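Below is one structure; the comments refer to it alone.
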Amino acid sequence: MSEKKHFVTLVGSLRKGSFNAAVAHTLPELAPEGVTISHLGSVGDFPHYNADVQAEGFPAPVLSMAEEIAKADGVIIVTPEYNYSVPGVLKNALDWLSRVSPAPFAGKPVLIQSASPGNIGGARAQYHLRQILVFFDARVMNKPEAMIGQVTDKVKDGVLTDEATRTFLSKQLQAFTDFSA
Ligand SMILES: Cc1cc2nc3c(=O)[nH]c(=O)nc-3n(C[C@H](O)[C@H](O)[C@H](O)COP(=O)(O)O)c2cc1C
């Protein structure tokens with residue numbers, strides 16, 4: 001039976017040639033039948049979090065992203081690891097989103113993916129991200145985990161081409177579709 005679901009991706013890199021963005025942009029073609037995936041705006045469109053700015057009104061990119069997240073059946077965060085943790089730009093975006101009411105991530109199914117040229121594939125950032133999402137009351141899927149190591153050999157021209165990784169991510173997306181039911 002096909003399931004009609006819509007997921008959104010949030011990418012933790014601003015880099016034009018980002019491997020993580022390449023993974024995110026490949027996900028729609030790996031999704032189960034009936035599942036659509038679109039991409040949220042860039043976390044680089046958010047200003048640095050400042051409570052004084054918030055007091056004057058949330059920036060428009062924050063509010064529109066919060067609305068898209070609230071409407072989605074699930075959020076897929078695809079991020080690099082920076083110095084064993086979450087890139088500052090992603091943390092900044094999450095800090096902004098955490099102040100929006102009603103909380104867009106509350107009860108929201110979340111899938112985490114990471115990619116790195118290194119062997120560990122961003123695993124350490126994933127566990128910091130999970131900790132951050134505790135306060136959000138997000139429903140983060142535990143397994144299977146996708147930590148894509150040696151990603152430089154797996155992406156060509158902005159597309160994830162490695163067959164084994166594509167097959168694995170297809171299975172993970174099916175699991176996330178079931179999880180988000
Ligand atoms: C400031 C900085 C810190 C980094 N720290 C890590 C790290 O802790 N672990 C890791 O696997 N790669 C680390 N890297 C390498 C990134 O994984 C690599 O640059 C990757 O391509 C970034 O993701 P992107 O291609 O999606 O932009 C770091 C890169 C930068 C610029």
Side-chain angles (χ1 to χ4, degrees), residues 7-31 35-50 61-62 64-65 68-69 72 74-98 105 108-136 138 140-173 175-176:
F7 300 142
V8 290
T9 67
L10 180 59
V11 173
S13 173
L14 304 183
R15 208 167 67 80
K16 220 180 323 147
S18 164
F19 293 113
N20 286 276
V23 170
H25 283 94
T26 306
L27 295 180
E29 59 193 79
L30 305 179
V35 173
T36 52
I37 299 178
S38 64
H39 310 295
L40 294 169
S42 170
V43 293
D45 293 340
F46 289 17
H48 289 147
Y49 180 78
N50 180 337
V62 175
S64 63
M65 191 181 287
E68 280 189 79
I69 289 170
V75 181
I76 305 170
I77 302 178
V78 192
T79 184
E81 173 177 284
Y82 277 4
N83 297 310
Y84 291 17
S85 189
V86 174
V89 286
L90 177 59
K91 179 62 162 59
N92 180 64
L94 292 171
D95 289 341
W96 270 113
L97 292 165
S98 74
F105 275 99
K108 187 69 59 183
V110 173
L111 178 65
I112 301 174
Q113 298 177 344
S114 58
S116 165
N119 286 329
I120 299 175
R124 294 161 295 213
Q126 290 208 14
Y127 287 104
H128 280 191
L129 184 52
R130 282 179 182 276
Q131 181 179 333
I132 292 162
L133 292 169
V134 169
F135 182 74
F136 288 57
V140 185
M141 190 172 86
N142 289 332
K143 288 183 290 200
E145 297 176 305
M147 291 131 177
I148 305 167
Q150 294 167 340
V151 70
T152 37
D153 300 332
K154 297 174 179 169
V155 165
K156 291 204 176 38
D157 301 325
V159 177
L160 179 70
T161 50
D162 182 70
E163 270 312 320
T165 309
R166 288 172 65 95
T167 301
F168 180 80
L169 292 187
S170 297
K171 288 184 184 154
Q172 195 202 34
L173 287 174
F176 188 55

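Each ligand, and each atom within it, is numbered from 1 in the order the structure gives. All of these numbers come straight from a predicted model, not from anything done at the bench. The residues of the chain are indexed from 1 along the displayed sequence.
Contact residues of ligand 1 (protein heavy atom closer than 4.0 angstrom to a ligand atom; sorted by chain and number): Ser13, Arg15, Ser18, Phe19, Asn20, Pro80, Glu81, Tyr82, Asn83, Tyr84, Ser116, Pro117, Arg124.
The side-chain hydrogen bond (donor to acceptor under 3.5 Å, both in side chains) search around Tyr49 returns Gln54, not counting sequence neighbours. Not counting sequence neighbours, the partners of Ala125 by the side-chain contact (heavy atoms from CB on, under 4.5 Å) test are Glu81.
Residue pairs meeting the salt bridge (Lys or Arg N to Asp or Glu O under 4.0 Å) criterion with at least one partner in residues 145-159, sequence neighbours excluded, are absent.
Leu160 CG to Leu30 CG: the interatomic distance, rounded to the nearest 0.5 Å, is 7.0 Å.
Looking at Thr79, its side chain never comes within 3.5 Å of a backbone N or O of Ser114 through a donor-acceptor pair. Not one N or O on the side chain of Lys108 forms a donor-acceptor pair closer than 3.5 Å with the backbone of Val75.
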